[in-house]
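Beneath this line is the structure, given in structure tokens, with notes to follow.
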Protein chains: 2
Amino acid sequence: MEQIDRRVRRTKKSLEEALIALALEKEYGEITIQEITDRADIGYRTFFRHYSDKDELLKEVLNSTMLELRELMAPPPLEYFIDPNIDAADLTDGAILFWHVQENSDLYRVLLFSDRTIIQPLEAFAIQEFKANYGSLLETDIPFDIIANHMVSAMITLLRWWLDNDMALSPEVMGEYSFRLIAQPIRETFLQALSK
Amino acid sequence: MEQIDRRVRRTKKSLEEALIALALEKEYGEITIQEITDRADIGYRTFFRHYSDKDELLKEVLNSTMLELRELMAPPPLEYFIDPNIDAADLTDGAILFWHVQENSDLYRVLLFSDRTIIQPLEAFAIQEFKANYGSLLETDIPFDIIANHMVSAMITLLRWWLDNDMALSPEVMGEYSFRLIAQPIRETFLQALSK
DNA sequence: TGCACTATGGCATACTATGCGCCATAATTA
DNA sequence: TAATTATGGCGCATAGTATGCCATAGTGCA
């Protein structure tokens, strides 16, 4: 579990920090391994002793944050969707995701604006998670795969916009907007399915 | 306007066809210029006499289709949004986009699954168009920029899913789903703004 | 503290892909 | 038919990735 050798720890940490710093300055795709090692003040050769790829380094960087995100999505507030009495104004839950992203905004900036190869596994996971949580419970006339895809990618779009606009709006406000634009229509599909 | 030399026409046509064929087989980013020229049976050197880039070739391929798409978005059915009496079932307009994509599915498969650098200009144009058509007319409490972003990218997501699933559902059905998941909640925001 | 271990740095090298200069050749236009 | 021009194929330069080799310096453990 532990990194035994201090040098390895130091090297990996430097490389990870360098990648984040560079990714905030320029397109992820434009960054060369040479630049990363220069920034980290690490030998070019050494990079390949720890990572096979630029992508592998990025994945490692994002790994812990992705794990947090998983837990964030884990507890499924089913009532959120199927209780018709809940009003958008009462739902602060929608802001949780925005709080989390705000706390790790540097990393999410990198994640959400990187190549499709990077974000796609996360997206696929989120979709699968959403389907596992709600798909079997409710029969909707709209294919659940469509709903899951729409939900996840619309949330990502909203997060991207928010980060692009320097998170000027509060997480609560964004949570409310996400409810009205994304969750509410899905909820209505659920309610419609239940009423049959 | 006309291509004077027959050879140029032949060369460009071959290269364009080769790119589409390859893009349907593998990731756009993985395709090399060498592969394109091999497939087109055109000298490698000749490629650069017509295009500076792989992207430039792709843009030229997609150009005419993008122009059609522009016109498709041009006539703004404002009633679509602000007439509260219109029901989702009556709105076949939403299917127009899906019809268009179905007719050019090969090209849209390439477009919608290519790099962000390719699709982003189109996306930006669609967002701007949408804002120009409706943004000044209606004051909404949700920033119009969010709405425009959400609308466009959610439609793209829906199209992607549809193409991924070999367009098994009819354009009409997809149009209805897009209305319920995307247009309807936006419409409600509009109606809410009007009632004040 | 000192020894065995191993991560690192720096060098050379191979490979892949892009991009262009040059010139003979073939196709096209007028 | 003659002048023009696109093409093909050659070589070459460049950039980035990826690996081998070996001396050196840092590390963990006895």
Side-chain angles (χ1 to χ4, degrees), chain A residues 1-63 110 113-118, chain B residues 1-63 110 113-118:
Chain A
M1 279 272 93
E2 302 262 340
Q3 288 285 6
I4 301 170
D5 201 314
R6 188 177 303 164
R7 287 168 294 181
V8 176
R9 240 181 303 147
R10 194 191 125 251
T11 298
K12 294 187 114 187
K13 190 156 174 282
S14 299
L15 289 171
E16 288 173 7
E17 284 171 358
L19 177 63
I20 295 171
L22 285 166
L24 291 170
E25 287 172 21
K26 60 187 331 200
E27 279 283 311
Y28 169 77
E30 314 266 300
I31 299 169
T32 66
I33 293 174
Q34 187 73 60
E35 283 178 300
I36 298 171
T37 55
D38 283 353
R39 178 72 65 105
D41 202 22
I42 295 292
Y44 176 76
R45 183 63 184 83
T46 306
F47 179 92
F48 296 97
R49 291 195 172 99
H50 298 286
Y51 312 101
S52 61
D53 233 21
K54 200 175 44 161
D55 282 7
E56 200 175 298
L57 169 59
L58 179 56
K59 276 173 195 158
E60 211 148 300
V61 167
L62 298 172
N63 210 287
V110 177
F113 294 96
S114 57
D115 291 352
R116 197 153 34 93
T117 52
I118 303 300
Chain B
M1 277 274 94
E2 302 264 340
Q3 290 285 5
I4 302 169
D5 202 312
R6 186 177 305 164
R7 288 167 295 182
V8 176
R9 240 181 303 146
R10 193 191 124 250
T11 299
K12 293 186 117 188
K13 191 155 172 283
S14 299
L15 289 171
E16 288 173 7
E17 285 171 356
L19 178 63
I20 295 171
L22 285 166
L24 290 170
E25 287 171 22
K26 60 189 326 200
E27 278 283 310
Y28 169 77
E30 314 265 302
I31 298 169
T32 67
I33 294 174
Q34 187 72 59
E35 284 177 299
I36 298 171
T37 54
D38 282 354
R39 178 71 66 105
D41 202 21
I42 295 292
Y44 176 77
R45 184 63 185 86
T46 306
F47 180 92
F48 297 97
R49 290 201 175 95
H50 300 285
Y51 312 100
S52 61
D53 234 22
K54 196 175 46 160
D55 281 8
E56 201 175 298
L57 169 58
L58 178 57
K59 275 171 196 159
E60 210 148 300
V61 168
L62 299 172
N63 210 287
V110 177
F113 294 96
S114 57
D115 291 354
R116 196 153 34 93
T117 51
I118 303 301

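Residue numbering restarts at 1 for every chain, and letters A, B, ... go by the order of the sequence lines.
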Return yes if some donor-acceptor pair links the side-chain N/O of B/D5 with the main-chain N/O of B/R7 below 3.5 Å, else return no.
yes
Nearest-0.5 Å distance, NE2 of residue A/H50 to CD1 of residue A/I42
8.0 Å
Whole-Å gap separating P (D/dG26) and CG (A/D41)
14 Å
If I take atom CG from residue A/L57 and atom CD1 from residue A/I33, how far apart are they, to the nearest 0.5 angstrom?
9.0 Å
Protein-nucleotide distance (B/Y51, atom OH; C/dC20, atom P), rounded to Å
16 Å
Tell me the bend of the helix from C/dT1-D/dA30 to C/dA30-D/dT1 as the angle between end helix axes, each from five pairs, rounded to the nearest 10 degrees.
30°
Whole angstroms only, please: what is the CG-P distance between A/L15 and C/dA7?
15 Å
Determine whether B/T37 and B/T46 make a side-chain contact, defined as any pair of heavy atoms from C-beta on separated by less than 4.5 Å.
no
What is the separation between atom CZ on A/R6 and atom P on D/dG26, rounded to the nearest whole Å?
12 Å
Partner residues of B/F47 under the ring pair (Phe, Tyr, Trp, His ring centres under 6.0 Å) criterion, sequence neighbours left out
B/Y51
What one-letter contact string describes nucleotides 16-22 of chain D from 5' to 3', where B marks a base within less than 4.0 Å of any protein heavy atom, S marks contact via sugar-phosphate atoms alone, and - marks no contact?
SBBBBB-
Measuring to OP1 and OP2 of D/dA6, would you say a side-chain N or O of B/H50 lies under 4.0 angstrom away?
no
Please report the distance, rounded to the nearest Å, between CZ in A/R9 and P in D/dG26.
16 Å
Check ion pair A/K54-A/E35 (N to O, under 4.0 angstrom)
no
Atom pair distance, as rounded to whole Å: CD1 in B/I36 and C1' in C/dT18:
12 Å
If you check every side-chain atom of A/R7, which of C/dG9, D/dG26, C/dT29 has the closest atom?
D/dG26
Any Lys/Arg nitrogen of A/E17 or A/K12 sitting under 4.0 Å from an Asp/Glu carboxylate oxygen of the other?
no
Measure the distance from CZ on B/R10 to P on C/dT29 and round it to the nearest whole Å.
13 Å
What is the distance from atom CD of B/E27 to atom CG of B/L22, rounded to the nearest 0.5 Å?
13.0 Å
Selection from C/dG9, D/dG28, D/dT7 that lies nearest to any side-chain heavy atom of A/T46:
C/dG9
Considering residues, nucleotides and ligands other than B/R10, do more than 12 of their heavy atoms fall under 6.0 Å from its CZ?
no
